[in-house]
Structures are given as structure tokens and as C-alpha cells.
Colleague: 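Take a look at the following structure, please.
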2 protein chains.
Amino acid sequence: MKIQDNRTENRILKAALKQFGSKGFDRATVDSIARVAGIAKGTIYLYFKNKEAIYAGACVQQFDRLMEGMTAEISAAGSAEQKLTGIAQYLSSYIVKIRSSLPFFDIENIHLTAQTLKSLHSVVMPKMIKMNRIIAEVISLGIKDREFRELDPQIAAFCFISLMRAMFMNMMFKFDTAENADDIMRIFLCGIKRR
Amino acid sequence: MKIQDNRTENRILKAALKQFGSKGFDRATVDSIARVAGIAKGTIYLYFKNKEAIYAGACVQQFDRLMEGMTAEISAAGSAEQKLTGIAQYLSSYIVKIRSSLPFFDIENIHLTAQTLKSLHSVVMPKMIKMNRIIAEVISLGIKDREFRELDPQIAAFCFISLMRAMFMNMMFKFDTAENADDIMRIFLCGIKRR
DNA sequence: TTATAATGACTGACCAGTCAGTCATTATGG
DNA sequence: CCATAATGACTGACTGGTCAGTCATTATAA
């Protein structure tokens, strides 16, 4: 009962990720989330106030997991370039793991959803800003070490994240990613490295 | 029904762009499109088979307009770098013009929608591929002129478009774009230029 | 007068959220 | 050790509201 609490909530979030990921907010039904989670619809409302809250919950969980893995990569030894490459690889492996729910990570989709569903904005925005800051810090480090040229780390971080995201979204629709990923990374790194 | 009233169809598409742009496919109602267009709902169904067809129509119209403007920039004199900068500026001005409907151009949103609404996929995909090819051709030119280094033009084009899109989406939510745009362009150009 | 264009009330399907009731588990007390 | 009571997690039929698409009717123009 008490212990199961967590299990049930997690089952809901897992099902929600899958449903929202594959169908988007509006087309995923609470019924379908319940069905995938293997529980009754009513149960969901014991754990979440409404549909938006389910979405927000899944969002926060995923962002937190991503952030955790990224910070692990950053604290590993190596140059700034190596850290960025490490993050890219980590993201890549994570994304493969949750492949079928990938569209959930379409940040612009989150943006859009957050715009429509006001309550999401306050939950998701800080996470996105934090993620940008974490990358920006790595780039700052690279600039200080004269590894990268002098540029605005925030903007470079924005480019990094945008390219990552675009690449993964692309991966969804074609299946020719492996070598492209390196090429894209190279363009980005050439763009910020000292020469 | 013989000679379709072009004016009415255009009013519908214009209203559709606004509604789909600000609310997304599912939350924009056909009623609201009719209201904005200043006609009755039934009239819409004289011009479009269903809601999807309205979306597809607006999509195609916007892509075509964009493509037209881009090819104009490309045929202007100048280096490949100048052409790319020209395209970026054109896109920027276009986007400012249709500001309130910007999310409509969230390509990943289209991706998502297209996945759910299979019929869209076949309409939108070729346009996206064509857009990528147009940019790739400019980059190929730059490589041939030894302006850019040897790299896969398709992938570089993908990076260019991804960064453009991300930038414009960002513009939607913050308002600090003007100078950022240059910085982002510089990172990209450094990434592909010969050194 | 006739053909065509436009209208908007209506329908049927769908879905978020509710709530009265079930049942397995745990607590109590004799 | 057993019988009864209390708990609360879980259920799913139901409701109220929304919206895409239809069609009988009306307006317009030729």
C-alpha cells in the first residue's frame, strides 16, 4: 500500500511518457495511459490532479534524469571538448533507450505545450534554463582554458542543445544517424574552437 | 462548384495559419477558423475535405512562399557565405511578419502532427527535403569555390536549418534575438569555413 | 428562374474528470 | 487464535461538455 504507492505512480509516469511521447498531449487519452499502466482511470486521479499534472510530472522526471546523467559526464576527467562529446554520447544512448517516446523530448513541442497549458510553463522553463546553464559552464571552462575561442557561452550552449535535439528528432524519421552525429558535432566544435 | 473563389480560400488559409499557429492542430477548432475568416463553418467544407486538409493547405502555402523567397536570395550575386547570410536575413524578416503564427513553423511540431496524421506526412516531407536540398546546393557551391571546407553539404544544410529554426522558436519566447542571431550564424559559419 | 455559394443548427463520437462502491490488507479486542 | 472492524487503494460506469463534419435551408448572381 504505502510501498506500492511509489510503484503505481511510477507506472503511471512511465505509461504517460509513452503515450504523450507517441501521440502528443491532446491525442493521448487518460484512458489510454491507465490502460498501458494496467490500472483503472480513477486511480490516476488519486495520484495526479488532472491531465496536465500527469504531463508535468513526466516532464520533470525526464528532465531530472537527463540532467543527472549530464552532470555525471561533466564531472568525469577530460577537456571541455571531451566533456561535450561525452554529453552528446550520453544523450544519444539515453535517447535510444526511450526511442518510442522520443517526440516527448521535442523541446519546441514542450515549449508549445507549455504555452497552451500555462501551468506547465513555470515547471518546464526553469529546467530548460538550467540545462542551458550546465552546458554553458562547460563551454566557459573551455574558453578559460583557451580551448575554445572567446564567445558567449550561453549562445554556444544554445547551439549545442539545438543541434543535439534536431539530430535526435531526425533520427526518429530516418535511420542514418550514427555517422551523421559525428559530422554534426564536428561542425559545432569547429565553430567554437580556437584556430 | 466550378470556378472556386480564390479569395475565400485564401481567407480560410490565412485564418488557419493564425489559429493553427497559435494553438496547434488539436486545439484550433474549425469553428474558430471560420470565425476568424468571417465565414460560416459549412463554407470551409466547400473548399477543404476536412480539418487535416486545411492544415495541409496552409502548410504547403507557407513552405512555398518561404522557398520562393529563399531561391530569390540564392540567385542574387555574391559568395556562398553571403547567400547564406541573405537567406538567414530573409527568413528573419519573414518570421517577424507572421510573428503570431510562428509556432506553425515548428518543424518538429509538423513532424509530430504528421506522424499522427499520416496524410500530412506525404505533403510536408517532400517540402522539407527540398528545402534542405536548396541550402545544400549553396553549401556545395561554397565547397567548390574553396570557401567552405570539405564536408557533407546535406548535413551542413541540416545544421543550418536546425539552428535557424531553433533561433526563431527562441525568439518567440524571449525577446533578445537580434544580436544573438549574428552570434549563432558566426558559430555555424566558423564551423564550415576553410581555415 | 435556375445554378451555385453560403449558412448555421444539429448530430454523434469522444473524452476529462467524478464518485459510489469493492476488496485485500491491517488493526483491534475478546 | 479467531472474528470483526477499519482502512484506503483501486475500480469503472457515468456525466457534462466539446467539436468535426453534415445537410436542409437561404442568399446571391447570372
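All values reported here derive from a predicted model rather than from experimental measurement. The sequence lines fix the lettering, A, B, ..., with proteins before strands; numbering per chain opens at 1.
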Colleague: Any side-chain donor-acceptor pair under 3.5 Å between B:N180 and A:Q154?
Modeller: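 Note: B:N180 and A:Q154 side chains miss the donor-acceptor criterion.
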Colleague: What integer distance in Å separates B:R11:CZ from C:dA6:P?
Modeller: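 Checked: the CZ to P distance equals 10 Å.
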Colleague: Is A:D64 close to A:E68 at the side-chain level, that is, under 4.5 Å between some pair of heavy atoms?
Modeller: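 Counting from C-beta outward, A:E68 and A:D64 never come under 4.5 Å.
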Colleague: From CD1 of B:I54 over to P of D:dA20, roughly how many Å is that when rounded to an integer?
Modeller: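 Taking CD1 of B:I54 and P of D:dA20, I get 9 Å after rounding.
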Colleague: According to the interplanar angle, ranging from 0 to 90°, do the rings of B:F188 and B:F160 count as parallel (below 30°), tilted (30 to 60°) or perpendicular (above 60°)?
Modeller: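 Tilted, since the angle between the ring planes falls between 30° and 60°.
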Colleague: Output one line per pair: protein atom, nucleotide atom from nucleotides 24-30 of chain D, and distance, for all N/O pairs under 3.5 Å.
Modeller:
none

Colleague: What residue among B:K83, B:Q89, B:Q82 forms side chain to side chain contact (heavy atoms under 4.5 Å, CB included) with B:T85?
Modeller: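 That would be B:Q89; it is the only one of B:K83, B:Q89, B:Q82 passing the side chain to side chain contact (heavy atoms under 4.5 Å, CB included) with B:T85.
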Colleague: Could you state the CG-P distance from B:L46 to D:dG21, rounded to the nearest angstrom?
Modeller: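 For the pair B:L46 CG and D:dG21 P, the rounded distance is 14 Å.
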Colleague: OP1 or OP2 of D:dC10 less than 4.0 angstrom from a side-chain nitrogen or oxygen of A:T8, does that happen here?
Modeller: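 Checking D:dC10 against A:T8, a side-chain N or O does come within under 4.0 Å of OP1 or OP2.
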Colleague: For B:G57 versus B:L13, what's the shortest heavy-atom pair and its separation?
Modeller: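 Closest approach of B:G57 to B:L13: C-CD2, 3.7 Å.
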Colleague: What's the CD1-P distance between B:I44 and C:dA5, to the nearest Å?
Modeller: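 Answer to the nearest Å: 17 Å.
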Colleague: Any heavy-atom pair between the side chains of A:R65 and A:Y94 that's under 4.5 Å?
Modeller: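 The answer is yes, as the side chains (C-beta and beyond) meet within the 4.5 Å cut-off.
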Colleague: Rounded to the Å, how far apart are A:Y47 OH and D:dC10 C1'?
Modeller: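 Roughly 8 Å, once rounded to whole Å.
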Colleague: Which pairs would a plain distance check flag for residues 34-44 of chain A, meaning a side-chain donor or acceptor within less than 3.5 Å of a matching protein atom at least two apart in sequence or in another chain?
Modeller:
from	atom 1	to	atom 2	distance (Å)
A:K41	NZ	A:D31	OD2	3.2
A:T43	OG1	A:A40	O	3.4

Colleague: With heavy-atom distances below 4.5 Å as the criterion, would you say the side chains of A:L84 and A:F148 are in contact?
Modeller: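 In short, these two side chains touch, coming nearer than 4.5 Å.
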Colleague: How many whole angstroms separate atom CD of A:E52 from atom P of C:dG17?
Modeller: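 Result: 8 Å.
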Colleague: Protein-nucleotides 13-16 of chain C N/O pairs closer than 3.5 Å?
Modeller:
from	atom 1	to	atom 2	distance (Å)
C:dA16	OP1	A:K51	NZ	3.0
C:dA16	OP2	A:V30	N	3.1
C:dA16	N7	A:K41	NZ	3.0

Colleague: In terms of heavy-atom contacts, does NZ of B:K127 have more than 12 from other residues, nucleotides or ligands at under 6.0 Å?
Modeller: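 Yes, the 6.0 Å shell around NZ holds more than 12 heavy atoms from other groups.
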Colleague: Quick one: B:F48 CZ to D:dT22 C1', roughly how many Å, whole number?
Modeller: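 After rounding, the reported distance stands at 18 Å.
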Colleague: Starting at atom OH of B:Y55, determine the distance to atom C1' of D:dG21, rounded to an integer number of angstrom.
Modeller: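 Rounding to the nearest Å, OH of B:Y55 and C1' of D:dG21 are 20 Å apart.
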